[in-house]
Amino acid sequence: MIDLLIIGSGGAGLSAAISAKQKGANVLVVTKQHPSHAQSVQAQGGINGVLDNHDDSVEHHIEDTLKSSHGLGVKSSIDLMCSNSKDTITWLDSIGVPFSRDENNHIAQRKLGGAKYKRACYSSDYTGLKVLHTLYDRCIKDDVEFLTEHMLLNIIVENDCALGATFLDIVSGEVKQLLAKTTILATGGYSNIYSGFTTNSSASTGDGIASALRAGCRLKNMEFVQFHPTALKNSKVLISESARGEGGHLLNSLGERFVDELLPRDEVARAIFKELQDNKEVFLDIRHIGLEKIMEAMPQERELAHIFEGVDVESELIPIEPVAHYSMGGIRVNIDTKTDIENLYACGECAEVGVHGANRLGGNSLLEIVTFGRIAGQNAYTKAQQTKEIEEKLYSIYIKDKELIDKIYALPNKIDFYSKKELMGKTFYKDLGLFRTADNINELLSQIKIWQDELSLMGIGDKAKEFNQNLVEFIEFKNMLELSETIVLSAQSRCESRGAHYRVDYPNELDEYKKDTIVDKKDKTLSIEFTECAK
C-alpha cells in the first residue's frame, strides 16, 4: 500500500517525496510530464534566505514579505518560512545545489524587488532549474518511485477522507485509480488561463486545484495573479528579475527611466503597462552592466533574448511587457498543509498557505515550495502511519471518470476548443489583467458562461486511444474553464485595489476587504465569501 501519493513533480512535490522517503515512507510521485519539465525551472532569479549578511535579519525578511502581501499574509506561515530559510538553503546546499559563490566562497546573494537587502541566493540565472534537477537527482538516489505521463482526473473521496486519485494514463489511454493512505497535491498554478500572455508552460492549467474544488476543498484568493514585469515582448519568454537585481534599467521609447526597478512586482508591472497604454514601447537595458558580468550572472537571459528576439543584450535594448507569471491563489490549507479533506495535503503554487497574500515577494516562491513541500511530506507520512489500509475496490469516481472519457470521445467537436483557449487568454489579459473594472469583469463572466454552455459542442478530432495529446489538452481546457469562473467571481466580489488586484473603479485599499476571498462549491454552485485572515 502506498503511504504517500504525491501528484506533481516540481520543487514542492520532490521536496515532499525526499522528506517522506527519508523517514521510511512508501512514496509514489505521479506526474503528467517528466519531472525536469516542471514550472519550478522558471524561478530563475533566486531563493530568499537570511544567511550571514549582518545588515539583514529574519525580522526584515518577515517585514518585507508581510508588506508585499498587502495585509493578506498569514504571519504564522510567514514566520515559519522565513525563520527556517537558512536551514532550507543549507539543506539545498548540502544535497548539491550549485549556488553561485562570492569572493569568500560564501553563497552569493542578490537583491530582488521589494527586499531591503541582498537576500536571494542564486545559481547564475538558472536557480529554479538547478534546484529542481538537484531535488530530482536526490529522489533517484533515495529510490523514490515515479510514474510519468499520468494526468490527474479526480481525488477519490469517501466520508470526507481522501483515498487516492484517478488518472488518465496518457500512454495507454486507460483510466486508472491509485489508492494511498495520504495524498499530496503539488500540481502547480493556473496562469496558463492567460494563454499567449504568460511566462508559464502550457501545462500550468490548474488541474490539481480544479480537482480539489470538485472534491470539496475550498479555494482562497483566486483573484490574485502576479504579472511579471519583464517578459520578452513577442515570445512572452521570462527575463528574470535577476536582470534588474544586477542593476538593469527600465526605459521607455523616449529613453526615460520611469519607475524604480526594484519596487514590488505589482507596482513595476503596472508602471510598465501604463507606458504601453500611452503608446510607448518599454525596454530593459542591461548594456551598462557589461558582457563579463552578464555572462557570469545572467547568461540564460542573454541567450533567450538572442534566440527569441534577435537582440544582443550587451549592445541592444530588450523589448519587454508584463504578462501573467504566478498565481497567488489556490487550495486553502493551514500551516501544516492540510486541506479541508482528511488525508489530503497541498503544497507549492497550487496551495494557498498564506505566505504571499495579494502579491508575492520576488525570491519567495522557491523558498515556499521547498519549505512547505518538506512539511507536507513529514505531516502526510505521520498521518499515513496512523491510517488503516485502504479497501481495494473500484470506487465510484473511477467509474464516473471512465464514463467521462468515453463522453469526451463522443462529443460532436463542432466548436474548436483551441480557438476558445486562445480567446480565453486574450480576454483574460484584457479584462482581468493589470487594470480591472466592473464592466470588464462582468463582460468576462458573461463570456465564461457562453464557453461553458458551448463545451458540449466542443470535443476532440483525434479519436486514437494511445498518446492522445488532443484528449489531454481538452481535459486541461475543461479544468481552466472551471477555474476561470472562480477567479472572475472573486475579482468581481473584491471591490477595492490590493496588490496584484487593481480595480480602476475602486483604486484604494479598503480595511473592510482586508480579508481572504473563499470559494466554495456545493451542488455545482459556486459561492464567494470573505473571512478574516488567519494569524
Side-chain angles (χ1 to χ4, degrees), residues 5 7-9 30-34 37 147-158 163-179 183 185 187-188 190 192-193 195-196 201-216 393-425 447-486 521 523-524:
L5 174 64
I7 307 171
S9 59
V30 183
T31 176
K32 67 178 176 181
Q33 294 184 309
H34 192 275
H37 295 171
L147 187 61
T148 61
E149 296 184 289
H150 278 65
M151 181 183 188
L152 171 66
L153 295 176
N154 281 296
I155 309 299
I156 301 171
V157 179
E158 285 206 348
L163 308 178
T166 59
F167 299 86
L168 173 70
D169 181 339
I170 298 170
V171 175
S172 69
E174 298 292 338
V175 174
K176 295 181 178 179
Q177 69 171 21
L178 295 174
L179 305 179
T183 300
L185 290 170
T187 49
Y190 49 87
N192 199 47
I193 285 175
S195 180
S201 79
S202 59
S204 298
T205 53
D207 304 334
I209 303 172
S211 70
L213 180 65
R214 291 191 293 268
K393 67 175 186 178
L394 295 180
Y395 288 86
S396 59
I397 192 66
Y398 166 78
I399 305 299
K400 290 179 181 177
D401 284 341
K402 282 179 64 71
E403 294 172 350
L404 171 66
I405 299 301
D406 291 339
K407 288 177 181 177
I408 292 174
Y409 277 104
L411 288 173
N413 197 27
K414 293 180 179 179
I415 298 175
D416 176 22
F417 78 86
Y418 289 108
S419 65
K420 298 301 180 181
K421 178 183 175 182
E422 182 180 354
L423 179 59
M424 178 189 288
Q447 184 61 67
I448 289 169
K449 297 293 187 182
I450 292 171
W451 293 331
Q452 290 173 338
D453 290 341
E454 291 177 338
L455 191 61
S456 62
L457 298 176
M458 301 179 198
I460 56 176
D462 185 355
K463 304 299 183 183
K465 190 170 185 179
E466 299 174 346
F467 293 103
N468 193 329
Q469 192 62 24
N470 193 195
L471 173 61
V472 170
E473 290 165 354
F474 183 81
I475 297 170
E476 289 176 333
F477 176 74
K478 284 179 81 276
N479 286 332
M480 289 193 294
L481 187 56
E482 185 169 8
L483 287 183
S484 67
E485 187 175 3
T486 72
K521 189 172 188 177
D523 299 323
K524 299 183 179 181

Asks: Would you mind reporting whether Tyr395 and Glu158 have side-chain heavy atoms less than 4.5 Å apart?
Replies: yes

Asks: Which heavy atom of Pro412 sits nearest a heavy atom of Ser456, and at what distance?
Replies: CD-O, 3.3 Å

Asks: Counting N and O atoms only, with roles assigned by atom type, does the side chain of Lys524 sit under 3.5 Å from a partner on the main chain of Lys521, one being a donor and the other an acceptor?
Replies: no

Asks: Take Thr31 and Ile7 through the test side-chain contact (heavy atoms from CB on, under 4.5 Å) and record every step on the way to the result.
Replies: CA-CA 6 Å; Thr31 176; Ile7 307 171; over 6 Å; no

Asks: Just wondering, more than 12 heavy atoms not from Lys400 lying within 6.0 Å of its NZ?
Replies: no

Asks: Can you tell me which residue among Thr166, Asp169, Asp401 is in a side chain to side chain donor-acceptor pair (under 3.5 Å) with Lys176?
Replies: Asp169

Asks: Are the side chains of Asp207 and Met151 in contact, using a 4.5 Å heavy-atom criterion?
Replies: yes

Asks: Verify side-chain contact (heavy atoms from CB on, under 4.5 Å) between Gln452 and Leu481, making sure each step is shown before the conclusion.
Replies: CA-CA 7 Å; Gln452 290 173 338; Leu481 187 56; 3.9 Å; yes

Asks: List in chain and number order the residues that pass side chain to side chain contact (heavy atoms under 4.5 Å, CB included) with Lys407, two or more places apart in sequence or in another chain; answer none if no residue qualifies.
Replies: none

Asks: To the nearest 0.5 Å, how far apart are CG in Asp416 and NZ in Lys421?
Replies: 11.5 Å

Asks: Gln177 versus Phe167: any side-chain heavy-atom pair under 4.5 Å?
Replies: no

Asks: Nearest heavy-atom pair of Met424 and Trp451: which atoms, and what distance?
Replies: CA-CH2, 3.5 Å

Asks: Give me the atom names and distance for the closest heavy-atom approach of Gly164 to Ile155.
Replies: O-CG2, 3.5 Å

Asks: If you round to the nearest 0.5 Å, how far is CD1 of Ile397 from CG of Leu153?
Replies: 8.5 Å

Asks: Using the rule given for side-chain contact (heavy atoms from CB on, under 4.5 Å), can you reason through Ile193 versus Leu483, listing the C-alpha separation, both sets of side-chain angles and the distance that settles it, and then say yes or no?
Replies: CA-CA 9 Å; Ile193 285 175; Leu483 287 183; 4.2 Å; yes

Asks: Does the side chain of Phe477 come within less than 4.5 Å of Thr205's, by heavy atoms?
Replies: no

Asks: Charged N to carboxylate O under 4.0 angstrom, Glu482 versus Arg214?
Replies: yes

Asks: Looking at every heavy atom in both Gly208 and Leu152, which two are closest together, and how far apart are they?
Replies: CA-CD2, 3.8 Å

Asks: Are Gln33 and Thr148 side-chain neighbours, meaning at least one heavy-atom pair lies under 4.5 Å?
Replies: no

Asks: On a heavy-atom basis, which atom in Ala215 and which in Val157 lie closest, and how many Å separate them?
Replies: CB-CG2, 3.9 Å

Asks: Hey, what's the ring geometry for Phe474 with Phe417, parallel, tilted or perpendicular (30° and 60° as the breaks)?
Replies: perpendicular

Asks: Any donor-acceptor pair under 3.5 Å linking the side chain of Asn470 with the backbone of Asp462?
Replies: yes

Asks: About how many Å separate CD1 of Ile475 and CD1 of Ile408, when rounded to the nearest 0.5 Å?
Replies: 4.5 Å

Asks: Are any of the side-chain heavy atoms of Ile405 and Tyr409 separated by less than 4.5 Å?
Replies: yes

Asks: Mind checking the CG-CG spacing from Leu147 to Leu178? Nearest 0.5 Å is all I need.
Replies: 6.5 Å

Asks: Please check if the side chain of Lys32 supplies one atom and the backbone of Ala203 the other of a donor-acceptor pair under 3.5 Å.
Replies: yes

Asks: Quick check: are there more than 12 heavy atoms from other residues, nucleotides or ligands sitting under 6.0 Å from NZ of Lys393?
Replies: yes

Asks: Determine whether Leu168 and Val472 make a side-chain contact, defined as any pair of heavy atoms from C-beta on separated by less than 4.5 Å.
Replies: yes

Asks: Give the intermediate values and the outcome of side-chain contact (heavy atoms from CB on, under 4.5 Å) for residues Ile399 and Ser396.
Replies: CA-CA 5 Å; Ile399 305 299; Ser396 59; 5.6 Å; no

Asks: Looking only at heavy atoms, what is the nearest atom pair of Asn479 and Ala210, with distance?
Replies: OD1-CB, 3.6 Å

Asks: To the nearest 0.5 Å, what is the distance between CD on Glu454 and CD on Gln447?
Replies: 7.5 Å

Asks: Answer yes or no: is there a side-chain heavy-atom contact under 4.5 Å between Tyr398 and Ile156?
Replies: no

Asks: Nearest 0.5 Å please: distance from the CD atom of Glu485 over to the CE atom of Met480.
Replies: 15.5 Å

